[in-house]
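Here is the structure we will look at, set down as structure tokens.
We name chains A, B, ... by the order of the sequence lines, and we start the count at 1 in each one.
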Number of protein chains: 2
Amino acid sequence: MDSRIVNLRSKLDVYKAMAGGGNLADCPVREVIHGLNGKWSSLLMAALAEQPYRFGELRRLVPDISQRMLTQTLHDLQRDGYVHREVFPTKPPSVEYSLTDLGRSMFGALHHLIQWAELNHDAVREARAGFDATQA
Amino acid sequence: MDSRIVNLRSKLDVYKAMAGGGNLADCPVREVIHGLNGKWSSLLMAALAEQPYRFGELRRLVPDISQRMLTQTLHDLQRDGYVHREVFPTKPPSVEYSLTDLGRSMFGALHHLIQWAELNHDAVREARAGFDATQA
DNA sequence: AGTGCTGGTCTCTTTTTGAGACCATTAAGA
DNA sequence: TCTTAATGGTCTCAAAAAGAGACCAGCACT
């Protein structure tokens, strides 16, 4: 048996998390990660991690999101159990979005990545510039 | 001054990381996160975090990625400085992909999210099923 | 001569996203 | 009263991104 394959199995288990048959397709971890891969998901999670916001507040807070994608991303985050949506019977009705316990737990992990990005975005930018220079 | 605004500013600074003028558009953190938002980026990072792989090995390892997206995702990861690409003059030439130091550093942060997904994917699945049931 | 492996690119179709108009209800201003 | 604005959306249409799969050159083996 190829030792490289053994190595692969033992270590990639972290990602595939017991995906049936040992293949990486149909992996539950992939499904979860994919739910956070949307262009706006992590940004909205970061906003709601601070405090609940109403629809219009989020729209003003993230100036370059379209109303359509804000609706849809919030809907998806709610579906995955990260976000709670509550309608208040004011006139006109207002809607408040907040993180659930699951959402706060998930953001705890996402936060590491955001902090890394904060600390290293200049390194990434440099790498990008260097790469683009050689590919000119 | 509205105390909610103050609260917002102080805390969302983590995400916007000194985006000019205080708006969340054109935020360097968003650029970095966006580079990892691709459908295949985190999966390939997890694979390469274990050991270097050749193009064909990655393709076999991730059975449902198209050759086109494998090429493109590896190219993007290389551009952002996470992945090193080395061509060996064998016949036919073989290409090996490996993580750079920056890539390993970034994966350290990403790893938290992957582990969270591993531990909580059943909770997410339940939330999703419950949500879909009420929306029927 | 034919087959297969290497790591790709090219084209075509389908899915996702973005831009912006539209909607009903209500309140405030002129 | 008539206009204007705010609420949280939905709908349509155009643009961008992703997926499927054909194709390619170079070389080895049979």
Does the pair B:Leu77 and B:Leu44 meet the rule for a side-chain contact (heavy atoms from CB on, under 4.5 Å), with working shown?
-> CA-CA 9 Å; B:Leu77 291 175; B:Leu44 293 179; 4.3 Å; yes

Name all residues meeting the side-chain hydrogen bond (donor to acceptor under 3.5 Å, both in side chains) criterion together with [X]; count only those two or more places apart in sequence or in a different chain, and write none if there are none.
X        : result
A:Arg128 : B:Asp80
A:Ser94  : A:Thr90
B:Arg125 : B:His121
B:Arg85  : B:Tyr97

With the sugar-phosphate defined as primed atoms, P, OP1 and OP2, and the base as all remaining atoms, what B/S/- string results for nucleotides 21-30 of chain D, 5' to 3', for protein heavy atoms under 4.0 Å?
-> -----BSS--

Nearest whole Å is fine: how far is [N] [atom2] from [X] [atom1]?
X       : N      : atom1 : atom2 : result
B:Glu57 : C:dC5  : CD    : P     : 14 Å
B:Arg54 : C:dT6  : CZ    : C1'   : 7 Å
A:Phe55 : D:dT10 : CZ    : C1'   : 10 Å
A:Arg60 : D:dG8  : CZ    : C1'   : 12 Å
B:Glu96 : C:dG8  : CD    : P     : 13 Å
A:Leu70 : D:dC11 : CG    : P     : 17 Å
A:Met69 : D:dC11 : CE    : C1'   : 15 Å

Just how far is it from atom CG of B:Leu58 to atom CZ of B:Arg54, taken to the nearest 0.5 Å?
-> 10.5 Å

Residue-phosphate contact under 4.0 Å: [X] side-chain N/O, [N] OP1/OP2:
X       : N      : result
B:Trp40 : D:dG19 : yes
B:Arg59 : C:dG7  : no
B:Lys39 : D:dG19 : yes
B:Tyr53 : C:dG7  : no

Within residues 68-78 of chain B or reaching into it, pairs that qualify as side-chain hydrogen bond (donor to acceptor under 3.5 Å, both in side chains) - sequence neighbours excluded | none

Please list all pairs passing the salt bridge (Lys or Arg N to Asp or Glu O under 4.0 Å) test where one or both residues lie in residues 103-114 of chain A, with sequence neighbours left out.
-> A:Asp101-A:Arg104

DNA chain D contacts among residues 72-90 of chain B, heavy-atom distance under 4.0 Å = B:Gln72

Partner residues of A:Gln67 under the side chain to side chain contact (heavy atoms under 4.5 Å, CB included) criterion, sequence neighbours left out = A:Phe55, A:Arg59

Contacts of A:Gly38 and B:Gly56 projected onto DNA chain C by closest heavy atom; the upstream (5') one is B:Gly56

Give the nucleotide from the list D:dG8, C:dG7, C:dG18 with an atom nearest to the side chain of B:Val95.
-> C:dG7

